[in-house]
Protein chains: 2
Amino acid sequence: MPPNKHSPALSSGSASVQDYVKVIYSFTEWQDEPISSSQLANRLGVANSSVSEMVRKLVELGLAIHEPYSAVELSDEGRRLALAMVRRHRLLETFLVQELDYAWDEVHDEAELLEHTVSDTFIERLSAKLGYPHRDPHGDPIPDAHGAVDIPQAHQLAILDAGHTGRITRISDSNPALLRFLSAEDIGLDDHVEVIGRKPFGGPVAVRVGTAGRDRELDLGDEAASALWVFSDKPHAGCALAT
Amino acid sequence: MPPNKHSPALSSGSASVQDYVKVIYSFTEWQDEPISSSQLANRLGVANSSVSEMVRKLVELGLAIHEPYSAVELSDEGRRLALAMVRRHRLLETFLVQELDYAWDEVHDEAELLEHTVSDTFIERLSAKLGYPHRDPHGDPIPDAHGAVDIPQAHQLAILDAGHTGRITRISDSNPALLRFLSAEDIGLDDHVEVIGRKPFGGPVAVRVGTAGRDRELDLGDEAASALWVFSDKPHAGCALAT
DNA sequence: CGATAAATTTAGGCATGCCGAAAAAATTGT
DNA sequence: ACAATTTTTTCGGCATGCCTAAATTTATCG
């Protein structure tokens, strides 16, 4: 354990424990199914056997709930730890973009490392300096210091059909190349979007996007359409509503 | 190894390796004797046996030079790594004080952890943002990106005798309580100092210190007098000159 | 010089987290 | 329902870095 000021929630975690808990949490942030062992292993880049071991440990630590051979879920304390880590990650990303001029697609890896290292003091001073932001550069919500988050109601562009209009509220940061593409196309947070037309499901989506009056029409591939989440002006029956 | 952009010098080191190398380097920064095994163990807070093992590893890695039962020294590559770590540490301290309003005595531990985690990109952007500083908040010189440092010529107040005058150029950060005392007494970098009188060696030193016209007289204990380094207006024969 | 003391190294262990291979349980298809 | 496949767990091992205790080497002092 580093000789560092950590909140009660964080004191229970090595960097590995923190990573596991964060991935378990993140899996259910925009969807409800709990994560399976092998999905966890996949996202963490470790072997399945490593996950089995670590999950046992998480249960011992009271951070996770797990019946053998079934999915992994977080306990209340696990969720607290996860939210603290998510807060750290997103505040760090915001800092890197706003203060150190990092590009959109560069911040993730750096934040991933730093989130395990900085103290609570650091995080709270950073939050103050940044003006207590509620959203990171990708539009993901930043939990407050007590773990409260408001998950904006948003849908993936990929599941909306023609006629829908809305505002981009989130851009998944899982694919750096895609982030660079969107940046090059000058598509950003809070841009207006209108779905003009759709090819068969999984195919490209024709949209009109832009800030203020500067709209353009273009076709987005499935990957891009899945990464863009929009706050819909007229919600659509086919969309599961965020809890 | 973290999936991070690291300079060639840094790619050769786990956090432990980095710590060892930094301590070995730091020992000779203001004095010339190389460090012994047990001194290393002391400063790192580990057992002597751990040092023996790790030093063998440093030699294998080409970072250190060591004959059994004698002192430990750095190779050129070891020194490069050490200087990179010192640079990181001091830039981080400067950042914490200037941008996140950390107090003088709070920065050390935080920097100690972060220095192993941040990327080279982070450090260089930080350096730019801070205006390429050459000195950290304690007055310690910050090596440039290529490892060049200029060690200012300075002497511990404790070894100067009556009549000496100079400017405080460095304040050792090894004792947080002392830093708080100096801060409370409003003694800071670049203050003028005059040694008024001395009790027997090791005893208190009477000095006049202050910024601009605001001088005060006070007695400093040996600890304080050893932590303050002054650039002497009239160097004294009894002082070893910094190389 | 030689005995004792101090510093250093070696030897054997422990904890954390990872792995691959093999065993066990769950799921799937017909 | 039951055989084949997939998923998950167990088992033995490995690397890092630390520890204590026991050698071993070096230093010190009468």
Side-chain angles (χ1 to χ4, degrees), chain A residues 1-4 6 10-24 27 33-73 78 81 85 112-113 115-117, chain B residues 1-4 6 10-24 27 33-73 78 81 85 112-113 115-117:
Chain A
M1 207 70 45
N4 209 358
H6 278 313
L10 276 87
S11 60
S12 18
S14 66
S16 280
V17 166
Q18 292 171 359
D19 275 336
Y20 276 79
V21 160
K22 200 185 62 168
V23 170
I24 297 168
F27 192 79
E33 286 296 294
I35 196 168
S36 72
S37 247
S38 44
Q39 283 170 315
L40 236 184
N42 242 275
R43 299 218 173 184
L44 287 163
V46 301
N48 288 336
S49 53
S50 308
V51 170
S52 273
E53 276 179 5
M54 188 55 109
V55 167
R56 189 185 320 127
K57 184 174 176 177
L58 294 179
V59 171
E60 270 169 27
L61 290 172
L63 297 170
I65 297 165
H66 183 233
E67 295 305 317
Y69 296 99
S70 64
V72 185
E73 293 181 77
L81 176 56
M85 296 312 298
E112 197 78 19
L113 293 174
E115 66 191 12
H116 303 298
T117 304
Chain B
M1 206 70 46
N4 209 355
H6 278 314
L10 275 88
S11 59
S12 18
S14 65
S16 279
V17 165
Q18 292 171 359
D19 275 336
Y20 275 78
V21 160
K22 200 184 63 169
V23 169
I24 298 168
F27 192 80
E33 286 296 294
I35 196 168
S36 72
S37 246
S38 42
Q39 284 170 315
L40 235 184
N42 241 272
R43 300 220 172 183
L44 288 163
V46 301
N48 289 333
S49 54
S50 307
V51 170
S52 273
E53 277 178 3
M54 188 55 109
V55 167
R56 188 185 322 125
K57 184 174 175 178
L58 295 180
V59 171
E60 269 169 28
L61 291 172
L63 297 169
I65 297 165
H66 182 234
E67 293 306 317
Y69 296 99
S70 63
V72 185
E73 294 181 76
L81 175 56
M85 295 312 298
E112 197 77 19
L113 292 174
E115 66 191 13
H116 302 298
T117 305

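Chain naming here is simple, since letters A, B, ... match the order of the sequence lines and numbering starts at 1 in each.
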Quiz item: Measuring from B:E115:CD to B:T117:OG1, what's the distance to the nearest 0.5 Å?
Solution: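 Going from CD on B:E115 over to OG1 on B:T117, the span is 9.0 Å.
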Practice problem: Find out whether A:N48 and A:S38 are in side-chain contact, i.e. whether some heavy atom of one side chain is under 4.5 Å from a heavy atom of the other. | Solution: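 Yes, their side chains come closer than 4.5 Å.
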Self-check item: Min side-chain heavy-atom separation B:D19-B:S16 under 4.5 Å
Solution: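 Answer no - side chains too far apart.
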Quiz prompt | Rounded distance in Å - NZ (A:K57) to C1' (C:dT16) | solution =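 Answer to the nearest Å: 6 Å.
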Quiz item: Picking from B:L61, B:I65, B:V59, what satisfies side chain to side chain contact (heavy atoms under 4.5 Å, CB included) with B:L63?
Solution: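 Single side chain to side chain contact (heavy atoms under 4.5 Å, CB included) partner of B:L63 among B:L61, B:I65, B:V59: B:L61.
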Quiz item: Rounding to a whole Å, what distance do you find between A:H116:NE2 and C:dG17:P?
Solution: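 Roughly 12 Å, once rounded to whole Å.
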Quiz prompt | For atom CG of A:L61 and atom C1' of C:dG17, their distance in whole Å | solution =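 About 14 Å, once rounded to whole Å.
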Could you go over nucleotides 2-4 of chain D and give all protein N or O partners under 3.5 Å, atom names and distances?
none

Quiz item: To the nearest angstrom, how far is B:Y20 atom OH from D:dT16 atom P?
Solution: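 Answer to the nearest Å: 14 Å.
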Exercise. Determine, for nucleotides 6-12 of chain C in 5'-to-3' order, which nucleotides have protein heavy atoms under 4.0 Å from the base (write B), from only the sugar-phosphate (write S), or from neither (write -).
Key: --BBBBB
Quiz prompt | Closest heavy-atom pair and its distance - B:Q39, B:P34 | solution =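 Looking at all heavy atoms of both residues, the closest pair is OE1-O, 4.5 Å.
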Quiz item: Considering only heavy atoms from C-beta outward, does the side chain of B:V51 approach that of B:V72 to under 4.5 Å?
Solution: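 The answer is no; the side chains never approach within 4.5 Å.
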Exercise. Quick one: closest heavy-atom pair of A:A71 and A:H66, and the distance?
Key: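 Where A:A71 meets A:H66 most closely, the heavy atoms are O-CD2, 3.4 Å.
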Practice problem: Report which part of the nucleic acid A:A47 touches: base, sugar-phosphate, or nothing (heavy-atom distance under 4.0 Å, all strands). | Solution: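 It contacts sugar-phosphate atoms only.
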Quiz item: Is A:S16 near enough to C:dT16 that one of its side-chain N or O atoms lies under 4.0 angstrom from OP1 or OP2?
Solution: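 Answer no for this pair, as no side-chain N or O of A:S16 is under 4.0 Å from OP1 or OP2.
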Quiz item: For B:R43 and B:V23, which heavy atoms make the closest approach, and how far apart are they?
Solution: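 What the structure gives for the nearest pair is CB-CG1, 3.8 Å.
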